[in-house]
Amino acid sequence: MTTQIKTSKPKILVARAIFPEALAKLEESFEVRSNQEDQIFTPAELKKELSSVVGALVTGSERIDAEALSEAPNLKIVANIAVGYNNFDIPSISAAGVMATNTPDVLTDTTADFGFALLMATARRITESEHWLRAGKWDKWSIVSNPLGMDVHHTTIGIIGMGRIGQGIAKRALGFEMKVIYHNRSRLSEADEKACKATYVSKEDLLRNADHVVLVLPYTAENHHTIGAKEIDLMKPTATLINIARGGIVDDLALAEALKAGKIFAAGLDVFEGEPKVNPELLKLSNIVLAPHIASSTEKTRRAMGDLAIQNLRAALDNKRPPSLINAEVFKE
Ligand code: DGY
């Protein structure tokens with residue numbers, strides 16, 4: 001007679017679709033509740049899903065707060081597949097004794113590339129020009145009538161939020177011989193400032209002097225509407241505003257009104273208040289480039305983000321320290 005040994009694998013949640021190879025690998029070690037159909041859970045569904053698992057891979061669409069965790073006594077880790085973690089209520093996650101992790105570094109260059117691409121597209125009116133061409137207007141070409149943009153080279157870039165991605169954008173700007181000014185919660189070290197040839201200025205001075213303002217700061221309650229009507233009023237009428245940070249950092253309605261009134265030249269947005277909804281006033285405008293939150297979206301980087309999130313999850317479930325633990329002060333080594 002043979003005895004069957006029943007092994008039970010720890011149960012985890014993968015809250016959004018991930019690359020199939022990564023899922024297959026997870027299934028070797030875990031009982032996985034996956035969501036490859038990619039239907040976003042309602043808060044009530046998410047709470048129920050979390051109640052029976054020891055770990056969860058989530059994204060910005062899953063809000064993890066006290067309510068979501070209220071019936072999840074066995075949960076050890078929530079691993080975000082994103083560097084930004086404004087979907088996490090960190091005090092509540094820590095109070096529940098759960099580790100929170102994110103995916104820094106692996107997306108820095110890809111996101112900085114995109115920030116620069118959006119700046120270029122916005123200043124040079126690339127999408128607007130494509131629409132113009134598609135609308136059959138090319139035969140109306142003249143030196144003065146086709147879309148005229150703003151220069152990028154030899155202008156001043158103002159970066160608000162000078163973390164890894166902000167510094168990556170600054171280094172790209174140097175190749176365009178731009179002057180780099182920045183504003184950040186805390187000033188960079190002398191060595192980092194030197195590497196980016198960046199000058200620290202107040203937010204107001206940055207807004208007054210930059211030809212291109214790029215937002216790369218994390219979303220927090222105090223950063224809500226960092227850019228609103230008052231701030232836009234300080235900007236040059238020829239300036240562009242680029243937001244690759246988070247929706248809510250810019251007052252989208254105030255921006256739409258300013259663009260309509262020609263208070264600034266153009267804007268490029270990858271993130272929106274209340275996304276995936278986009279303020280209809282923004283959709284009516286032509287002096288804006290809109291992207292659906294794709295700054296980190298290359299296959300290589302999205303795979304790397306997933307891999308790092310999985311590495312974090314496995315570490316926590318093996319009673320090891322996850323490489324990118326956010327609430328590190330709660331889980332002392
Ligand atoms: C991040 O990682 O925070 C990005 O915004 C998600 O693509």
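Treat the numbers as computed from the prediction; the structure is a model and nothing was measured. Note that ligands are numbered from 1 as they come in the structure, with each ligand's atoms numbered from 1 the same way. Residues take their numbers from the sequence shown, with the count starting at 1. Scope of the values below: all heavy atoms of this structure, side chains included, with no hydrogens, waters or symmetry mates.
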Using a cut-off of under 3.5 Å, which N/O atoms of ligand 1 pair up with protein N/O atoms, and what distance separates each pair?
residue, atom, partner, partner atom, Å
ligand 1, 2 (O), Val83, N, 2.7
ligand 1, 3 (O), Val83, N, 3.4
ligand 1, 3 (O), Gly84, N, 2.8
ligand 1, 3 (O), Arg246, NH2, 2.7
ligand 1, 5 (O), Arg246, NH1, 2.8
ligand 1, 5 (O), His293, NE2, 2.7
ligand 1, 7 (O), Ser296, OG, 2.9
ligand 1, 7 (O), Arg302, NH2, 3.4

(request) Any pair with a residue in residues 112-132 that passes ring pair (Phe, Tyr, Trp, His ring centres under 6.0 Å), sequence neighbours left out, goes on the list, sorted by first then second residue, please. (result) Phe116-Phe176
(request) Give the intermediate values and the outcome of side chain to side chain contact (heavy atoms under 4.5 Å, CB included) for residues Glu27 and Leu23. (result) CA-CA 6 Å; Glu27 282 169 342; Leu23 182 60; 3.9 Å; yes
Pair up each side-chain donor or acceptor in residues 53-61 with any protein partner under 3.5 Å, not counting sequence neighbours, and list the distances.
residue, atom, partner, partner atom, Å
Thr59, OG1, Ser61, N, 3.3
Thr59, OG1, Ser61, OG, 2.9
Thr59, OG1, Glu62, OE1, 2.9
Ser61, OG, Arg16, NH1, 2.7

(request) Kindly state each residue pair satisfying ring pair (Phe, Tyr, Trp, His ring centres under 6.0 Å) with at least one member in residues 265-320, sequence neighbours excluded. (result) none
(request) Count the heavy atoms belonging to other residues, nucleotides or ligands that lie under 6.0 Å from CD of Glu37, then report whether that count exceeds 12. (result) yes
(request) Could you tell me whether Glu299 and Arg302 make a salt bridge, using a distance below 4.0 angstrom between a side-chain N and a carboxylate O? (result) no
